[in-house]
Colleague: 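First the structure, which I've put down as structure tokens, then a few questions once you've had a look.
For reference, positions follow the sequence shown, starting with 1.
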Amino acid sequence: SNKQTNLFSLVETQRSCLMGVELQRRDDGLGFSLTTEQLPSSSVTCIAVQSVRAGSSAEHQVLEGDEIVEIDGHFCRNLPQSVVAARLRSTKGLVQLVVRRQLIKLSQSTVHATGSEATTVPITQTQAPAVASSR
């Protein structure tokens, strides 16, 4: 069931966090492509970001390897890539995504001074990054 899968996804790893991302859909789309990945030591597949187009609304918002967990409130784990792609294509205006990001990627991603990172809000973080305190 969806509820069991959802619970599984929340406890499966301590090296990632869920993040809410808002993207403005443009005429040329959202600006990223998808790939299907098999999660380690399980039969669960996930749809992840394969590449992000420079200059798109997704740039600095989603990273390569981010798993698409929800699209506008619809849970996406274990759906075929074609279904997730169709759901993304059917979105309009401001699109609300929940992505699962590996914390190692999070610590490597650069913070840009454009203000665009301000709309990327962590929802749950199971483990603080090693560089949590910079005071």
Side-chain angles (χ1 to χ4, degrees):
S1 81
N2 237 3
K3 196 171 268 185
Q4 282 177 320
T5 307
N6 203 355
L7 182 62
F8 169 77
S9 73
L10 292 176
V11 297
E12 71 191 358
T13 176
Q14 294 188 332
R15 294 184 302 279
S16 65
C17 65
L18 292 176
M19 304 185 77
V21 180
E22 285 187 346
L23 297 179
Q24 184 65 46
R25 183 173 191 78
R26 299 180 188 163
D27 292 340
D28 61 352
L30 292 168
F32 62 90
S33 62
L34 300 174
T35 184
T36 302
E37 293 183 353
Q38 183 98 3
L39 293 181
S41 69
S42 81
S43 61
V44 177
T45 60
C46 71
I47 308 304
V49 174
Q50 183 175 41
S51 63
V52 180
R53 194 170 62 245
S56 68
S57 61
E59 190 179 27
H60 310 316
Q61 298 282 19
V62 296
L63 300 178
E64 290 177 18
D66 281 359
E67 177 193 348
I68 307 296
V69 178
E70 282 184 13
I71 302 166
D72 286 336
H74 297 284
F75 189 67
C76 295
R77 169 81 47 95
N78 257 354
L79 291 179
Q81 184 174 327
S82 58
V83 173
V84 175
R87 195 168 274 178
L88 283 166
R89 278 195 294 273
S90 70
T91 58
K92 292 175 175 52
L94 199 61
V95 182
Q96 307 272 350
L97 298 180
V98 175
V99 300
R100 176 176 295 285
R101 180 166 300 168
Q102 300 305 310
L103 289 178
I104 188 76
K105 284 200 181 105
L106 192 63
S107 63
Q108 288 170 348
S109 68
T110 55
V111 175
H112 298 271
T114 60
S116 61
E117 76 277 0
T119 54
T120 305
V121 182
I123 295 176
T124 60
Q125 190 162 311
T126 51
Q127 178 181 323
V131 291
S133 177
S134 60
R135 285 178 233 170

Colleague: To the nearest 0.5 Å, what is the distance between OG1 (T45) and CZ (R77)?
Modeller: 8.5 Å
Colleague: Side chains of L97 and Q61: does their closest heavy-atom pair fall under 4.5 Å?
Modeller: no
Colleague: Tell me every residue that passes side-chain hydrogen bond (donor to acceptor under 3.5 Å, both in side chains) with E37, counting only those two or more places apart in sequence or in another chain.
Modeller: none
Colleague: Taking C-beta and beyond as the side chain, do V21 and D66 meet within less than 4.5 Å on heavy atoms?
Modeller: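 V21 vs D66: side chains apart.
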Colleague: How far apart are the closest heavy atoms of R100 and S16, and which atoms are they?
Modeller: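 That closest heavy-atom pairing would be NH1-OG, 2.8 Å.
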Colleague: Within a strict 4.5 Å, meaning less than it, do heavy atoms of the L79 and I47 side chains meet?
Modeller: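 Sidechains of I47 and L79: no contact.
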Colleague: side-chain contact (heavy atoms from CB on, under 4.5 Å) with A86: which residues, sequence neighbours excluded?
Modeller: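 For A86, the residues satisfying side-chain contact (heavy atoms from CB on, under 4.5 Å) (neighbours in sequence not counted) are R89.
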Colleague: Heavy atoms only: give me the nearest L30-V95 pair and the separation to one decimal.
Modeller: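 Heavy atoms only, the tightest pair is CD2-CG2, 3.9 Å.
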Colleague: Within this structure, what is the OG-CG distance for the pair S90 and D72, rounded to the nearest 0.5 Å?
Modeller: 8.0 Å
Colleague: Just grab all the salt bridge (Lys or Arg N to Asp or Glu O under 4.0 Å) pairs involving residues 78-88, residues at least two apart or on different chains.
Modeller: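 For residues 78-88, and leaving out neighbouring residues, there are no salt bridge (Lys or Arg N to Asp or Glu O under 4.0 Å) pairs at all.
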Colleague: Roughly how far, to the nearest 0.5 Å, is OG1 of T36 from CD of Q81?
Modeller: 3.5 Å
Colleague: Mind checking whether L94 and F32 sit in one hydrophobic cluster, side chains of I, L, V, M, F, W, Y counted as touching below 4.5 Å?
Modeller: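 No.
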Colleague: Minimum heavy-atom separation for C76 to I68, with atom names?
Modeller: CB-O, 3.8 Å
Colleague: Would a 4.5 Å heavy-atom cut-off, applied to side chains only, mark L63 and V52 as touching?
Modeller: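 Counting from C-beta outward, L63 and V52 never come under 4.5 Å.
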Colleague: Who are the side-chain contact (heavy atoms from CB on, under 4.5 Å) partners of S82, not counting sequence neighbours?
Modeller: P80
Colleague: Tell me, please, which residues at least two apart from Q50 pass side-chain contact (heavy atoms from CB on, under 4.5 Å).
Modeller: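 Result, side-chain contact (heavy atoms from CB on, under 4.5 Å) vs Q50: S33, T35.
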Colleague: Strictly distance-based, threshold 3.5 Å: is any side-chain N or O of R25 a donor or acceptor partner for the main-chain N or O of L88?
Modeller: yes
Colleague: For S57, which residues count as a side-chain contact (heavy atoms from CB on, under 4.5 Å) partner, sequence neighbours excluded?
Modeller: L23, R26
